[in-house]
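Beneath this line is the structure, given in structure tokens, with notes to follow.
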Amino acid sequence: MAIALLLDALLGWPDWLYRRIGHPVTWIGALISVLDKRLNGAGHASRAKGTFAALLVITAATVPAIALSGLLPGGIWGVVLTGALAWPLVAARSLHTHVAAVARPLAAGDLPGARHAVSMIVGRDPAQLDTPAIARAGLESLAENASDGVIAPLFWGAVAGLPGIAAYKAINTLDSMIGHRTPRHERFGWAAARIDDVANLIPARLTAGLIMLAAGRPAAIWPIVRRDARHHRSPNAGWPESAMAGALHCRLSGPRTYAEGKTNEPWLNADAPDPDAVKMAQGLRLFTRATALCALALVICAAI
């Protein structure tokens, strides 16, 4: 998994390759879209149909990974090839790029540009976002996706190899596409959301720990995480987000506006000031250090 993370850091997923073959996540997403249309066409499908769809997608991603794993040689070449095959399923470079694309125009005072960039990574109504709200949205996305897009796939890859990281990526893609509490997906996406909650239980807490260690102040940040993480609407996202809020001494979450309407979410680290472009830059550096710590931990575990 350290090899996969290194390849992602060096190469990302090149545009020319995406144009030629797409990306494994887009392949999974295409299957989810087909199942959503066929099994949940009118938006009234049962939980049973949603559970069937989720299990089918996870199986479709995992079985080829098991078959590929069985074909790989042993020894160092097997390790290298496993890392190369897992490489597309780690998204550290992409996450950094997307959040940096929000931070740059925000630092330059280009509010329309920052609103457009942040609309690419969050579902909030960009027209309602001022500078603090844009910074909060960017940092929340950075923290949550540090877990979902980087630490969780690496964790499951370390636990169960190529099948583990493939299964996780299918689970996370299911949740991002149909695991929403909307009229269309309230029932059909129920299983996808619950499975994702379980799959991220440990990685979200590991991500919070890595952020605290990367900040160099775990003893000061931990009380904030312990107090605020459980108040988040997600059983997992509150951990890395509250760790990020404590590490940067800013407040995150709070009320926000989506296309479906306003939500009154509780604040994380409520007594701290709002973030700005400077805090976003600090958050990106913190993410890089946390990812490096994860890579170091993977190498140590492999050596042991």
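Below, all heavy atoms of this structure are taken into account, side chains as well, without hydrogens, waters or symmetry copies.
Atom OG of Ser253 is separated from atom CG of Asn269 by 11.5 Å, given to the nearest 0.5 angstrom. To the nearest 0.5 Å, atom NZ of residue Lys49 and atom CZ of residue Arg187 are 10.5 Å apart. A distance of 10.0 Å separates CZ of Arg230 from CH2 of Trp239, quoted to the nearest 0.5 Å. Atom CZ of Arg289 sits about 11.0 Å away from atom CG of Leu284, to the nearest 0.5 Å. Distance check: Ser94 OG to Asp8 CG gives 8.0 Å after rounding to the nearest 0.5 Å. Going from atom CG of Leu142 over to atom CG of Leu139 covers 6.5 Å, rounded to the nearest 0.5 Å.
Of the possible polar contacts, one joining the His180 side chain to the Ser176 backbone as a donor-acceptor pair under 3.5 Å is found. Here the side chain of Arg233 pairs no donor or acceptor atom with the backbone of Glu265 at under 3.5 angstrom. A donor-acceptor contact shorter than 3.5 Å links the side chain of His232 to the backbone of Ser234. Counting only distance, with no hydrogens or angles, the side chain of Lys169 and the backbone of Val25 share no donor-acceptor pair below 3.5 Å. For Arg47 (side chain) and Ala191 (main-chain N/O), no donor-acceptor pair under 3.5 Å exists by modelled atom type.
With a 4.5 Å cut-off on side-chain heavy atoms, Thr173 and Met177 count as touching. Looking at Asn236 and Ser147, their side chains never come closer than 4.5 Å, going by heavy atoms from C-beta outward. Looking at Leu268 and Arg251, their side chains never come closer than 4.5 Å, going by heavy atoms from C-beta outward. Between Pro112 and Asp110, some side-chain heavy-atom pair lies under the 4.5 Å cut-off. The shortest side-chain heavy-atom distance between Asp36 and Phe188 falls under the 4.5 Å cut-off. Side-chain contact check for Val90 versus Ile165: some heavy-atom pair is nearer than 4.5 Å. The closest side-chain heavy-atom distance from Cys294 to Leu296 is not below 4.5 Å. The side-chain heavy atoms of Tyr168 and Leu89, taken from C-beta on, include no pair separated by under 4.5 Å.
Each of Met212 and Phe287 belongs to its own hydrophobic cluster when Ile, Leu, Val, Met, Phe, Trp and Tyr are linked at side-chain heavy-atom distances under 4.5 angstrom. If you chain together hydrophobic residues whose side chains sit under 4.5 Å apart, Leu213 and Ile224 never meet in one group. Following chains of ILVMFWY side-chain contacts shorter than 4.5 Å, one can reach Leu39 starting from Ile171, so the two form part of one hydrophobic cluster. Connection of Leu5 to Leu7 is not established within any shared hydrophobic cluster, with ILVMFWY side chains joined at heavy-atom distances below 4.5 Å, either directly or through further cluster members. Residues Leu210 and Val159 share a single hydrophobic cluster, defined by chaining ILVMFWY side chains whose heavy atoms lie under 4.5 Å apart.
Under the 30°/60° scheme for interplanar angles, the aromatic rings of His23 and Trp13 are found to stand perpendicular.
Within a 6.0 Å radius of NE2 in His116, no more than 12 heavy atoms belonging to other residues, nucleotides or ligands are found. More than 12 heavy-atom neighbours from other residues, nucleotides or ligands sit within 6.0 angstrom of CG on Asp130. Around the CZ atom of Arg38, the shell of radius 6.0 Å holds no more than 12 heavy atoms that belong to other residues, nucleotides or ligands.
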Candidate pair Asp196 and Leu174, rule side chain to side chain contact (heavy atoms under 4.5 Å, CB included), full reasoning: CA-CA 8 Å; Asp196 184 77; Leu174 278 160; over 6 Å; no

Side chain to side chain contact (heavy atoms under 4.5 Å, CB included) between Asn40 and His185, intermediate numbers included: CA-CA 8 Å; Asn40 190 34; His185 291 124; 3.7 Å; yes

Asp175/Asn200 under side chain to side chain contact (heavy atoms under 4.5 Å, CB included): CA gap, chis, key distance, verdict: CA-CA 11 Å; Asp175 181 65; Asn200 282 296; over 6 Å; no

CA sep, side-chain torsions, deciding dist, call: Tyr18, Thr26, side chain to side chain contact (heavy atoms under 4.5 Å, CB included): CA-CA 10 Å; Tyr18 181 84; Thr26 65; 3.7 Å; yes

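In plain terms, the two heavy atoms of Ala214 and Leu293 that are nearest each other are N-CD1, 3.7 Å. Of all heavy-atom pairs between Leu81 and Pro73, the closest is CD1-CD, 3.8 Å. Leu95 approaches Ser141 most closely through the heavy-atom pair CD1-O, 4.1 Å. The two residues Trp267 and Pro255 make their nearest non-hydrogen contact at CZ2-CD, 3.6 Å. Taking each heavy atom of Ala61 and Ile28 in turn, the nearest pair found is CB-CD1, 4.5 Å. Annotation for Thr82 and Leu162: closest pair O-CD1, 4.3 Å, computed over non-hydrogen atoms.
Residues Arg136 and Asp274 are paired through a salt bridge, judged by an N-O separation under 4.0 Å between the basic side chain and the carboxylate. For the pair Arg194 and Asp197, the salt-bridge criterion is met [side-chain N within less than 4.0 Å of a carboxylate O]. Taking a cutoff of 4.0 Å between a charged side-chain nitrogen and a carboxylate oxygen, Arg124 and Glu140 qualify as a salt bridge.
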